[in-house]
Number of protein chains: 2
Amino acid sequence: MPLATLRRKFPLFAGFGRSEFESLEKCLVRRRYSCGQTLFHMGDEGGSLHLIERGRVKVTIPSTSGEELILAILGGGELLGELSLFDGKPRSATVQALETTETFCLHRKDFLALLRNRFDIVEKLLEVLARRIRETNALLADRYFLDITSRLAKKILDLGDAFGIQEGRQVRIGVNITQKNLASMIGATRESINKQFKAFRDQDLVRACGGTIVILNREGLVRKASIFPKP
Amino acid sequence: MPLATLRRKFPLFAGFGRSEFESLEKCLVRRRYSCGQTLFHMGDEGGSLHLIERGRVKVTIPSTSGEELILAILGGGELLGELSLFDGKPRSATVQALETTETFCLHRKDFLALLRNRFDIVEKLLEVLARRIRETNALLADRYFLDITSRLAKKILDLGDAFGIQEGRQVRIGVNITQKNLASMIGATRESINKQFKAFRDQDLVRACGGTIVILNREGLVRKASIFPKP
DNA sequence: GACCGGGTATGAAATGCTTCACCGCGGGGG
DNA sequence: CCCCCGCGGTGAAGCATTTCATACCCGGTC
């Protein structure tokens with residue numbers, strides 16, 4: 001991969017020059033995962049970091065009874081598996097590929113060595129972690145304060161922002177998300193999602209179209225997401 | 001505050017020598033908050049970091065209808081308000097003193113300057129952030145997978161670990177936690193907590209004693225916390 | 001001393017969500 | 001080619017929690 005591409009794809013390394021690039025390149029190992037494959041399991045020993053080159057993965061916490069909670073869906077350019085790097089503890093979640101996914105894998109000691117000399121990378125990393133914390137806090141708050149209708153509307157909007165493809169006045173969500181996945185993202189059963197989703201469809205807010213979701217009326221969804229269910 | 005005290009109270013600065021100490025000391029501003037006072041509100045501009053010297057605070061997210069979700073209770077030696085420092089965004093939560101609390105306040109640019117030269121502090125910071133993420137993820141997972149009984153048992157155990165004072169075979173939780181607070185920690189109503197708490201009392205797992213909780217039977221609580229409600 | 005606000009206690013009624021049961025569809029593998 | 005499994009769809013019943021209503025106790029204060 002040329003330097004320019006690296007810098008474009010991974011803002012983390014935006015400040016890199018040629019010499020740093022060359023020493024970094026030696027440490028990167030390319031990894032390829034097909035759809036459904038798991039990168040690692042919660043509880044595993046974790047000594048490496050992934051940079052997602054292309055594809056998408058889901059970050060989940062499994063329950064002992066086989067259900068799963070989806071914490072995040074990550075795509076190209078994003079960082080993955082950094083937690084274990086910083087505290088040396090086991091993997092905090094399971095990660096599975098949702099599509100064919102390619103990553104660059106970087107080992108703990110190489111990465112820490114990298115950090116030591118580059119304060120700009122440290123700054124960006126701190127920012128990434130801060131964002132993760134904000135996101136999880138928001139999820140938690142939503143789960144406390146909102147009912148399923150609002151949570152679903154919000155989640156659809158989020159997905160639209162993260163993976164949306166503009167199509168005229170509509171936005172198509174560019175990942176295949178099953179209703180079951182939606183359910184484990186917002187903490188509800190598939191059946192509840194199904195019913196709520198139908199309600200949104202009946203109100204012409206969204207459309208389902210071969211596995212992907214299309215947002216028809218963004219404003220309407222925003223209203224659903226924020227109207228307060230307990231007045 | 002002498003250097004030795006600083007190093008003992010705040011592991012973050014364990015590696016500090018005399019000269020660094022002197023330059024740090026110039027930047028620290030002592031702040032005092034009485035019980036109930038708020039340090040800052042969610043949404044505020046946030047340009048500073050607090051090191052808690054003594055006392056305890058609660059970190060909360062308020063809902064628009066006046067309820068609150070308690071994300072964490074922090075005590076002496078802990079860090080507070082670091083998120084806004086790293087991403088420049090507004091305060092992600094409201095923080096209120098639960099007791100008389102004294103902190104050292106450090107401004108953004110002073111802190112960043114500190115970081116720039118001290119990789120050991122960066123490492124510890126990353127560790128702190130990683131731990132926060134793990135904790136929030138765990139809260140979220142609990143909220144998804146466990147019922148109120150298990151969540152309450154778990155929370156009581158957590159509080160015991162964090163603020164417990166050994167008293168013979170018992171552990172007294174050294175903070176005044178109202179049932180309402182417990183409720184906003186685990187995401188339930190005060191009434192539900194009350195009933196569940198009574199159940200625990202009837203089983204001689206815990207005892208309430210003038211505002212504080214005493215754990216009588218740790219093992220029993222552990223069992224309650226982990227037995228799976230949906231078999 | 002009377003009043004009031006905040007915390008605790010408790011039961012009955014209401015309800016949002018889950019559980020369960022069932023159906024149809026489509027696609028991938030034997 | 002057919003079978004089965006995973007996904008979407010839907011209604012009825014069940015239930016965990018919330019909501020509501022009420023009461024008591026305690027400490028402060030007017």
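As the structure is a computational prediction, the values presented were derived from the model and not from experiment. Chain letters run A, B, ... following the sequence lines, proteins first and then strands; every chain starts at 1.
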**Message:** For B:F104, does the six-membered ring have the charged nitrogen or CZ of B:R31 within the cation-pi criterion, i.e. under 6.0 angstrom from the centroid and within 45° of the normal?
**Reply:**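 Ring-cation test returns no.
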Once the angle between the rings of B:H50 and B:Y33 is folded into 0 to 90°, is it parallel (under 30°), tilted (30 to 60°) or perpendicular (over 60°)?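 Perpendicular, since the angle between the ring planes exceeds 60°.
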Can you measure [X] atom [atom1] to [N] atom [atom2] for me and round it to whole angstrom units?
X: B:I213; N: C:dG7; atom1: CD1; atom2: P; value: 14 Å
X: B:R151; N: D:dA16; atom1: CZ; atom2: C1'; value: 11 Å
X: B:I193; N: D:dA16; atom1: CD1; atom2: P; value: 16 Å
X: B:E67; N: D:dT18; atom1: CD; atom2: C1'; value: 11 Å
X: B:I186; N: D:dT17; atom1: CD1; atom2: P; value: 9 Å
X: A:K180; N: C:dT18; atom1: NZ; atom2: P; value: 15 Å
X: A:L182; N: D:dG9; atom1: CG; atom2: P; value: 12 Å

Under 4.0 Å between a side-chain N/O of [X] and OP1 or OP2 of [N], yes or no?
X: A:S192; N: C:dT18; answer: yes
X: B:Q179; N: C:dA9; answer: yes
X: B:N194; N: C:dT8; answer: no

| Under 6.0 Å from the CD atom of B:E45, do we count more than 12 heavy atoms belonging to anything else shown? |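 No, because the 6.0 Å sphere around CD of B:E45 holds 12 heavy atoms or fewer from other groups.
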_From the set D:dT18, D:dG8, C:dC17, return the single nucleotide nearest to any side-chain atom of A:I148._
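Of the options given, the side chain of A:I148 lies nearest C:dC17.
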Using a 4.0 Å heavy-atom cut-off, does B:A188 contact any base of the nucleic acid, only the sugar-phosphate backbone, or nothing at all?
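Result for B:A188 = sugar-phosphate.
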Q. What parts of residues 195-202 of chain A reach DNA chain D, counting only heavy atoms under 4.0 Å away?
A.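 Residues of residues 195-202 of chain A that come under 4.0 Å of DNA chain D are, in numerical order, A:K195, A:K198, A:R201.
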Using a cut-off of under 3.5 Å, enumerate the N/O to N/O pairs linking the protein to nucleotides 21-26 of chain C.
none

**Item:** side-chain hydrogen bond (donor to acceptor under 3.5 Å, both in side chains) against B:D142, all qualifying residues, sequence neighbours excluded
**Value:**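 Once residues adjacent in sequence are excluded, the partners of B:D142 under the side-chain hydrogen bond (donor to acceptor under 3.5 Å, both in side chains) criterion are B:K154.
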Establish, from distance only, whether the side-chain atoms of A:Q166 and A:R172 form a donor-acceptor pair under 3.5 Å.
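There is no such pair (donor and acceptor under 3.5 Å, judged by atom type) between the side chains of A:Q166 and A:R172.
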My understanding is that only residues two or more places apart in sequence, or in another chain, count here; which of them pass salt bridge (charged side-chain N to carboxylate O under 4.0 Å, His left out) with A:R134?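 Once residues adjacent in sequence are excluded, the partners of A:R134 under the salt bridge (charged side-chain N to carboxylate O under 4.0 Å, His left out) criterion are B:D87.
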Please enumerate all residues that pass salt bridge (charged side-chain N to carboxylate O under 4.0 Å, His left out) together with A:R54, with sequence neighbours excluded.
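For A:R54, the residues satisfying salt bridge (charged side-chain N to carboxylate O under 4.0 Å, His left out) (neighbours in sequence not counted) are A:E102.
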Subject >> Trace of the side chain to side chain contact (heavy atoms under 4.5 Å, CB included) decision for B:L79 with B:I52 >> reply: CA-CA 6 Å; B:L79 220 62; B:I52 306 180; over 6 Å; no
Which residues pass the ring pair (Phe, Tyr, Trp, His ring centres under 6.0 Å) test with B:F10, sequence neighbours left out?
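Per chain and number, B:F10 pairs via ring pair (Phe, Tyr, Trp, His ring centres under 6.0 Å) with no residue.
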